[in-house]
> 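Okay, handing you the structure first.
Fair warning: this is a prediction, and the values are worked out from it, not measured in the lab.
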Amino acid sequence: MGPHPAVAAIRLAVRRVLHDILTEHSRTADASAPGRPRATSYELAHATPPAVLPAPSTGAAPAAHDTALAPPYELPGATPQEPPHTTPHERPPSPLVLVACSGGADSMALASALAFEARKLGIRAGGITIDHGLQPGSDLRAEEVVLRMRELGLEPAESVAVTVGRAGGPEAAARDARYAALDDAAVRHGATAVLLGHTRDDQAETVLLGLARGSGIRSLSGMAAVSGADGRYRRPFLGLDRQTARKACMVQSLPVWDDPHNADPAYTRSRLRQEGLPALEKALGKGVVEALARTAQLSRDDADALDSWARQAEAAVRDSAGLLECAKLYALPPAVRRRILRRAAIEAGAPAGALFARHIEEVDRLITGWRGQGAINLPGKVVAQRQGGRLVIRQG
């Protein structure tokens, strides 16, 4: 008898992502060592991790498969970022994949699926939990999550405390601190990828938040399945709903922690989750979440195509000195032209997160509605102005 359908679904989603990571890892290794024989897809999928030394005792009862997921080459005192040198005929060390685990149902389901699938594929697997310090006892809860990850067989498993600032509001500040800590952990451990537990429900909420901001098709495209530097972040669950992840935890008897912030009406996403989406489903019927997630993918495809077009068109609208020519910009479709303007503003020093559609619209009027108006002030002390048929965007 096979696993429960919810468990099978989360494992399949993770397995697909791990296969992608193995393929990319093999290509990178082959490119850096041309003399090494190329591993076949069968070898990658059925690789067996070498025997390892038992992990140091943590005081918790070890799971039956604890050592199976430990780094295959790591010895006490070794630096994870510096695997041993291999000869042209040796296999490169297996990649390390981390899971960002808060202890909630989504990330615990992801952690369990990663532990199960990584062991089968010969991938090293670990976990990171972030202590935002926003609630009393958050450090103790973080340590509990570390213990649960170790019981699953994830190693390394650690808690990282961060300081949450105020820039952009509490949600944005917490997100910035979290990703900075995950980036640092990935570099420290030499991880190839970090898995995130965002579900289809999270994607639907992100699309609605983007729609409310009115900031264009890129906001409607939601979260990418692969993002970050060198494709570091992977989101296996974007095609699965939140209930599937919770059910998987329940049937596996995995303890989960429900963050009270997720139900706190002080947070915009929480209000959307508790009130907005249920109201939409009541008015429009079931299927709203699936439709919004589908909209995200279609919007992402369109936005990627327009971004590519803008990159190709940008060279043709600059003069020999690199300045943007207004007449040539005017001839472009608005969606392409505004992308070029946005890129130029960011390159001049405008922070991408503070650059909104209304800013780009004002700059665009220097092209399409020129009546001698003055310079446009943009975030980051960047100024855009029209001079002699050229658009000059610079700090100043």
> Thinking salt bridges, do Arg15 and Glu117 make one under a 4.0 Å N-O criterion?
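Salt bridge: yes.
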> What distance do Leu18 atom CG and Arg11 atom CZ have between them, rounded to the nearest 0.5 Å?
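These two atoms lie 13.0 Å from each other.
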> May I ask you to test the His198-Glu205 pair for a side-chain heavy-atom distance under 4.5 Å?
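They are not in side-chain contact.
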> Would a 4.5 Å heavy-atom cut-off, applied to side chains only, mark Leu110 and Ile10 as touching?
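A side-chain contact under 4.5 Å is absent here.
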> Are the side chain of Arg358 and the backbone of Leu355 linked by a donor-acceptor contact shorter than 3.5 Å?
no
> With hydrophobic residues grouped by side-chain heavy-atom distances under 4.5 Å, do Leu195 and Met223 end up in a single group?
no
> So, Arg218 and Asp307, do they make that salt bridge, N to O below 4.0 Å?
yes
> With no hydrogens and no angle check, just 3.5 Å: does a side-chain donor-acceptor pair link Ser299 and Asp302?
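Judged by distance alone, the side chains do not pair up.
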> Any donor and acceptor pair, going by atom type alone, linking the side chain of Glu143 with main-chain N or O of Ser159 inside 3.5 Å?
no
> So, do Val256 and Arg246 sit near enough that their side-chain heavy atoms are less than 4.5 Å apart?
yes
> Look only at the side chain of Arg300 and the backbone of Gly222, and say whether a donor-acceptor pair between them is shorter than 3.5 Å.
yes
> Taking all non-hydrogen atoms of both residues, which atom of Ala186 and which atom of Arg232 are closest, and how far apart?
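Nearest heavy atoms, Ala186 then Arg232: CB-NE, 3.7 Å.
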> Look only at the side chain of Asp202 and the backbone of Thr199, and say whether a donor-acceptor pair between them is shorter than 3.5 Å.
yes
> Report the C-alpha separation of Leu323 and Arg318 in whole Å, then their side-chain angles, then the decisive distance to 0.1 Å, and conclude whether the side chain to side chain contact (heavy atoms under 4.5 Å, CB included) test is met.
CA-CA 5 Å; Leu323 296 177; Arg318 290 187 181 274; 5.9 Å; no
> If you take all heavy atoms of Val336 and Ala313, which pair is closest and at what distance?
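Looking at all heavy atoms of both residues, the closest pair is CG1-CB, 4.3 Å.
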> Taking all non-hydrogen atoms of both residues, which atom of Val226 and which atom of Gly231 are closest, and how far apart?
CG1-CA, 3.6 Å
> If you group Ile, Leu, Val, Met, Phe, Trp and Tyr by side-chain heavy-atom gaps below 4.5 Å, do Val363 and Val317 land in one group?
yes
> Have Gln243 and Asp201 got a donor and an acceptor in their side chains that come within less than 3.5 Å?
no
> Would the distance check show the side chain of Gln373 and the main-chain N or O of Arg371 forming a donor-acceptor pair, the cut-off being under 3.5 Å?
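A pair under 3.5 Å: yes.
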> Could you state whether Leu280 and Leu211 fall into the same hydrophobic cluster, counting links through intermediate Ile, Leu, Val, Met, Phe, Trp or Tyr residues with side-chain heavy atoms under 4.5 angstrom apart?
yes
> Would you please say whether a donor-acceptor pair under 3.5 Å links the side chains of Asp131 and Ser138?
yes
> Show your working on side chain to side chain contact (heavy atoms under 4.5 Å, CB included) between Asn377 and Gln385 and close with a plain yes or no.
CA-CA 9 Å; Asn377 294 316; Gln385 59 186 135; over 6 Å; no
> Tell me the closest heavy-atom pair linking Gly165 and Ala173, and the distance in Å.
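Smallest heavy-atom distance, with atoms named: O-CB, 3.2 Å.
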> Between Arg200 and Glu290, does at least one N-O distance fall below 4.0 Å, as a salt bridge requires?
yes
> Salt-bridged, Glu158 to Arg150, with N to O below 4.0 Å?
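So Glu158 does not pair with Arg150 through a salt bridge.
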> Answer with yes or no whether the side chains of Thr23 and Asp20 bring together a donor and an acceptor at under 3.5 Å.
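On atom types as modelled, these side chains do not qualify, holding no pair under 3.5 Å.
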> Shared ILVMFWY cluster between Ile340 and Tyr330, side chains joined below 4.5 angstrom?
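Same cluster: Ile340 reaches Tyr330 through Ile, Leu, Val, Met, Phe, Trp or Tyr contacts under 4.5 Å.
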> If we check side chain to side chain contact (heavy atoms under 4.5 Å, CB included) with Leu152, which of these qualifies: Leu254, Leu147, Leu114?
Leu254
> So, the side chain of His359 versus the backbone of Phe356: is there a donor-acceptor pair under 3.5 Å, distance only?
yes
> Hey, are the side chains of Thr129 and Ser107 touching, using non-hydrogen atoms and a 4.5 Å cut-off?
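The answer is no, as the side chains (C-beta and beyond) never meet within the 4.5 Å cut-off.
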> Does a side chain donor of either Tyr233 or Asp183 reach within less than 3.5 Å of an acceptor in the other side chain?
yes
> If we only count heavy atoms from C-beta on, is the Leu324 to Arg390 side-chain gap below 4.5 Å?
no
> Test Leu209 against Thr268 for side chain to side chain contact (heavy atoms under 4.5 Å, CB included), laying out the working first.
CA-CA 9 Å; Leu209 289 171; Thr268 304; 3.7 Å; yes
> Just checking, any donor-acceptor pair under 3.5 angstrom between side chains of His4 and Gln252?
no
> Do side-chain atoms of Gln387 reach the backbone of Val392 as a donor and acceptor pair under 3.5 angstrom?
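A pair under 3.5 Å: no.
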> What do you reckon, is CZ of Arg271 surrounded by more than 12 foreign heavy atoms closer than 6.0 Å?
yes
> Do NZ/NE/NH1/NH2 and the carboxylate oxygens of Glu325 and Arg337 come within less than 4.0 Å?
no
> What distance do Arg124 atom CZ and Leu96 atom CG have between them, rounded to the nearest 0.5 Å?
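The distance works out to 4.5 Å.
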> Could you tell me the separation between the CH2 atom of Trp370 and the SG atom of Cys326, rounded to the nearest 0.5 Å?
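SG of Cys326 is found 8.0 Å from CH2 of Trp370.
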> Hey, what do you get for CD (Gln203) to CG (Leu240), rounding to the nearest 0.5 Å?
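The distance works out to 12.5 Å.
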> Are Val145 and Cys101 close enough that some pair of their side-chain heavy atoms sits under 4.5 Å apart?
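Val145 vs Cys101: side chains touch.
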> Could you list who else is in Val383's hydrophobic cluster, with ILVMFWY side chains joined at under 4.5 Å, directly or through other members?
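Its cluster mates, by chain and number: none.
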> Does a side-chain N-to-carboxylate-O contact under 4.0 Å join Asp184 and Arg188?
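The answer is yes: the pair qualifies as a salt bridge.
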> Tell me whether Asp264 contacts the main-chain N or O of Tyr267 through its side chain, where contact means a donor paired with an acceptor under 3.5 Å.
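Judged by distance alone, no pair lies under 3.5 Å.
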> About how many Å separate CD of Glu361 and OG1 of Thr368, when rounded to the nearest 0.5 Å?
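Answer for the OG1-CD pair, Thr368 versus Glu361, is 10.0 Å.
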> Considering only NZ, NE, NH1 and NH2 on the basic side and carboxylate oxygens on the acidic side, decide whether Arg365 and Glu362 come within less than 4.0 Å.
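Yes.
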> Keeping Arg339 on the side-chain end and Ala310 on the backbone end, is there a donor-acceptor pair under 3.5 Å?
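Checking the backbone N and O of Ala310 against the side chain of Arg339, no donor-acceptor pair under 3.5 Å is found.
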> Do Leu284 and Leu277 sit in one hydrophobic cluster, given that two such residues count as connected whenever their side-chain heavy atoms are within less than 4.5 Å of each other, even indirectly?
yes
> Is the number of heavy atoms from other residues, nucleotides or ligands within 6.0 Å of CG (Asp304) greater than 12?
yes
> For the atom pair CG (Leu329) and CZ (Arg338), what is the distance rounded to the nearest 0.5 Å?
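CZ of Arg338 is found 12.5 Å from CG of Leu329.
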> State, with a plain yes or no, whether a side-chain heavy atom of Ile128 is found less than 4.5 Å away from one of Val160.
yes
> Evaluate salt bridge (Lys or Arg N to Asp or Glu O under 4.0 Å) for Glu171 paired with Arg178, printing each intermediate quantity in order.
CA-CA 11 Å; Glu171 293 167 282; Arg178 179 167 60 252; over 6 Å; no
> Under 3.5 Å, is there a donor-acceptor pair between the Arg235 and Ser227 side chains?
yes
> Looking at side-chain heavy atoms only, is the closest gap between Ile346 and Arg342 below 4.5 Å?
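SC-SC contact between Ile346 and Arg342 confirmed.
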> What closest approach, in Å, do Tyr179 and Leu196 show between heavy atoms, and which atom pair accounts for it?
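The answer is OH-CD1, 3.5 Å.
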